[in-house]
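One structure is given here, and the rest of the page talks about it.
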Amino acid sequence: MKHLHPASDQGYDPEAVEAKWQERWAAEHVNEPDLDTPTRPFYNLMMYPYPSAEGLHVGNMFAFTGSDVFGRFKRLQGYDVFEPIGFDAFGIHSENYAIKVGTHPAELIPRNIANFRRQLRRMGGMFDWRQELSTTDPAYYKWTQWIFLQLYKAGKAYKKLGAVNWCPECKTVLANEQVIEGYCERHPGVRVEQRNLEQWYFRITEYAEKLLRHLDDASKMDWSESTAAAQRNWMGRSEGADITFKLASGDGTMAVFTTRPDTLFGATFMVLAPEHPLVGQVTTTAERSAVEDYVRATAAKDIVSRRVGERDKTGVFTGGYAINPATGAEIPVWIADYVLMEYGTGAIMAVPAHDERDLEFAEKFDLPVVRVIDENERLIASGSFTGRPASAAIGDITHWLEEKDLGRGKVQYRLYDWCISRQRYWGPPIPVIYCEDCGAVPVPEADLPVLLPPLEDFRPDDSGTSPLARNEEWYFVSCPDCGERGHRETDVSDTFLDSAWYYLRYPSTEFDDRPLDPSRTKTWCPVATYIGGNEHAVLHLLYARFLAMALHDLGHLEFDEPFLKFRAHGLIVKDGAKMSKSRGNVVIPDEYVARWGADTFRMYLMSLGPFQEGGDFRDAGISGPRRFLDKVWDLVGRCVSEDAIGEINHTVMVKWHQTKHKVSQDIEDLKYNTAIAALMELLNVLREVQCHEQRVVEDMLVMLAPFAPHFAEECWERLGHERSIFSASWPSWDPSLLVQDQIEVVIQVNGRTRSKVQVPRDADEATVVAAALADEKAQRHLVGKSVQKRIYVPNRLVNLVVG
RNA sequence: GCCCGAGUGGCGGAAUGGCAGACGCAGUGGACUCAAAAUCCACCGGGGGCAACCCCGUGCGAGUUCGACUCUCGCCUCGGGCACCA
């Protein structure tokens, strides 16, 4: 390693500087806060990466750097910052990739992780590597299984039949994103089907109302509005009523959910989802074969194309009738795949006059359309409700139904329970044992973890169950309750479960007898600032919130919202599109870091655009930040080798304090690009007046440290400091120096800028207007006209309106 | 179709009711050099003018205002997300 003399006036050599400080930070434990007795704990969390074979790309680096800048800023403000890192390494993507390259994931993943670790160290993140975790580590997934058991025991985990995508060629279940326009991603000619399989679910819907309510509670969460909006959207709360329709045959009823009970008099037919349990009962003999054909055809469609694909209305008449409780009319019952079993009651009352979808269906099958609301939004043809405003009738009719016990006001959510089952190999086995006598029995906590067996061949096979079922030695176990022969659950859990609680594990990674240490958790959680991509706005962030609420209710957590502040970072765009593997426009940061240094690269990424909006990656601009660092390096050299000028002139003084104010504000707001620009402006002023006063340069280095940490450390040391710059404190400013004594006030005539005058700060209106009227350039635009109005904005402008 | 962003010089972007284009990249001219790189200095939205200056200009069209990149209404384009949710 190159030796660097502290006071060297040699040029800036990023490679040597960065290696030196990375080594020293590790040796001196600079990035490791006291986890047990911190003075001012601050949990700075970044969404952990998914270690793919390609390594981190520039988009990931942008996000990590932005989070690290914030953590370092808080550190300099005197907080004990905990900035952990880990790896989200289970899941179907890793598994498919492993199958593709023919290497076992257990071998592949550690290799990928090692590469990620190298990249993350190289960029100079302030990570506390003591607390590193990987979700694939049995020491981690033992507790993922433990969490499943807690939820299971509390009745928050259950098993039911669920519709899934099934590829007859792969003989396995596919995630929605693996179904491309109805065909299997891996088998372009093979249509994906829908199958009903037993799956494990978590009861997230129990928390729908609370999940929604907290989004508007500033004391619980301060989140990017776009993220909160996405969650509201996903939960899809709607108010309406459940209404009961009697079947005309006299035996039984069918329930529907509607948001428009006011249109009840216009319901001219009913539609059931093809899977609806009542279908068999309402279907008449004459229609049975047609109905059965339709039900079969629907089942053969995959879920995705049913929801997204062809939107032409299809359906068949069941032959059965229901009675409209408002009109007493017998109306036909149809089945159609535009009604979804998962939403509401899986059945609707169709009001074609006031619902586009129902209208389309009615027109196609020649069903009656009855208008019940006029152009003034008042009810018509609605019995005693005729004439009522539709908005009021919603409540009126609901009330009337409640009185007659035919319906009930209801809040319906779009949110459905979280399916955590995966019929795959690469995940934590769900800790359940099936016994012929005892049924599903949870694995005793003392027996955790249920280790994922090292299967040689982990490919999904013809059986349609997880490959784990093939390993007899693992599969057959004795029942924990009765000791008779039983077998293990072969589903593994969703990766979203791994990531729903990882933030809780970081402070407690060294404990192997408990998932989280109560004292550590109390000290550090909930997370102070969480930064991540908005692609996880719904699933990951919602599941993590749900799990915190569930664990809170079960007495494991004192809080019920995991992330106090969440900010979504922007996307790095390349060639007009988001940087992603599938678009083939990813840029790997390594060569840039090697050529320019991590500090220059960090600064470049942070100056591309506002952090929360992202930016456009073009490598052309990277020389700018490097030139800036070279100039600062040179300035520090002057501090060391030349006598400082004794007095800081007024221009420098004002710029210095303005910069401290602006950079502090901008970093707090994640406006890193303008913070960097402000530092550049300060440098330009210092160079212009040839000032190299050490007090100013030191403040500048502290402000630069979040962006260019190694560089700032080295310069700090060159200035004679022995302790890390991160032990220094963030500079404060003198508010009285933020404004100049002499202010340049703009003179406008009819709103157009014509001149400027220098006046003392806070001069009174009369003085400034007099100066404006006396101004030669302004006068040119005033000749022959009279001033009709004078607008004065203190310390900014005078506008003379003339006519 | 619905929801969320964004449209400003050659390029990335700054300014959130008050001097449009901060800062940076690229470019042009000059200094240094045998030369080049690096560095330093100057210029750098468009049009007119010898110049002082003047006019035009923030996706498009209206509006509010003394004054609009910024606010309001109606469009267009791009990016991201969701999608037959009754």
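We name chains A, B, ... by the order of the sequence lines, and we start the count at 1 in each one.
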All side-chain contact (heavy atoms from CB on, under 4.5 Å) counterparts of Leu571(A), not counting sequence neighbours = Lys578(A)

Please state how far atom CG in Asn799(A) lies from atom C1' in C66(B), giving the value in whole angstrom units.
-> 5 Å

If the C1' atom of U33(B) is compared with that of G21(B), how far apart are they to the nearest Å?
-> 36 Å

Only counting residues at least two apart or in another chain, list the ones meeting side-chain contact (heavy atoms from CB on, under 4.5 Å) with Ala255(A).
-> Thr345(A)

Is a donor-acceptor contact shorter than 3.5 angstrom present between the side chain of Lys756(A) and the base of C19(B)?
-> yes

Hey, what are the protein-to-nucleotides 54-58 of chain B N/O distances that come in under 3.5 Å?
{"residue": "C54(B)", "atom": "OP1", "partner": "Arg754(A)", "partner atom": "NH1", "Å": "3.4"}
{"residue": "C54(B)", "atom": "OP1", "partner": "His781(A)", "partner atom": "NE2", "Å": "3.1"}
{"residue": "C55(B)", "atom": "OP1", "partner": "Arg754(A)", "partner atom": "NH2", "Å": "3.3"}
{"residue": "C55(B)", "atom": "OP2", "partner": "Arg754(A)", "partner atom": "NH1", "Å": "3.2"}
{"residue": "C56(B)", "atom": "OP2", "partner": "Arg752(A)", "partner atom": "NH1", "Å": "3.1"}
{"residue": "C56(B)", "atom": "OP2", "partner": "Arg752(A)", "partner atom": "NH2", "Å": "2.8"}

Distance in angstrom units between Asp666(A) CG and A22(B) P, rounded | 17 Å

Does any nucleotide pair with G67(B) by Watson-Crick or G-U wobble geometry, both distances under 3.5 Å, and what is it?
-> none

d(CD, Glu681(A); P, G24(B)) in whole Å = 8 Å

NA contact type, Pro610(A), heavy-atom cut-off 4.0 Å: base, sugar-phosphate, or nothing?
-> sugar-phosphate

Can you tell me the pairing partner of C60(B) across any strand shown, Watson-Crick or G-U wobble, with both distances under 3.5 angstrom?
-> G74(B)

Would you classify Arg796(A) as touching base, sugar-phosphate or nothing, given that sugar-phosphate means primed atoms plus P, OP1 and OP2, and contacts are heavy atoms under 4.0 Å?
-> sugar-phosphate

Aromatic rings Tyr672(A) and Phe611(A): how do their planes relate, parallel, tilted or perpendicular, breaks at 30° and 60°?
-> tilted

How far does the C1' atom of C4(B) sit from the matching atom of C55(B), given to the nearest Å?
-> 40 Å

Any residue meeting side-chain contact (heavy atoms from CB on, under 4.5 Å) with Thr674(A), in chain and number order, not counting sequence neighbours | Lys662(A), Asp666(A), Lys671(A)

Quick one: ring pair (Phe, Tyr, Trp, His ring centres under 6.0 Å) pairs with a partner in residues 753-803 of chain A, sequence neighbours left out?
-> none

Scan nucleotides 2-12 of chain B nucleotide by nucleotide, 5' to 3', and note B when protein non-hydrogen atoms come under 4.0 Å of the base, S if they reach only the sugar-phosphate, - if neither.
-> -SS------SS

Excluding sequence neighbours, so at least two apart, what forms ring-ring contact (aromatic ring centres under 6.0 Å, His included) with Phe601(A)?
-> Tyr592(A)

Glu613(A): side-chain contact (heavy atoms from CB on, under 4.5 Å) partners, not counting sequence neighbours = Pro610(A)

Under the side-chain hydrogen bond (donor to acceptor under 3.5 Å, both in side chains) test, which residues partner Glu363(A), sequence neighbours left out?
-> none

By side-chain hydrogen bond (donor to acceptor under 3.5 Å, both in side chains), which residues pair with Glu668(A), not counting sequence neighbours?
-> Lys74(A)

Please enumerate all protein N or O atoms sitting under 3.5 Å from an N or O of nucleotides 39-43 of chain B, with distances to 0.1 Å.
{"residue": "C40(B)", "atom": "OP1", "partner": "Arg687(A)", "partner atom": "NH2", "Å": "2.6"}

Contact class for Asn684(A) vs. all strands (heavy atom < 4.0 Å): base, sugar-phosphate, or nothing?
-> sugar-phosphate

Answer with yes or no after comparing the ring centroid distance for Phe361(A) and Phe269(A) against a 6.0 Å cut-off, counting only values under it.
-> yes

So what's C82(B) paired with, Watson-Crick or G-U wobble, going by both distances under 3.5 Å?
-> G1(B)

Residues in ring-ring contact (aromatic ring centres under 6.0 Å, His included) contact with Tyr543(A), at least two apart in sequence or another chain | Trp418(A), Phe496(A)

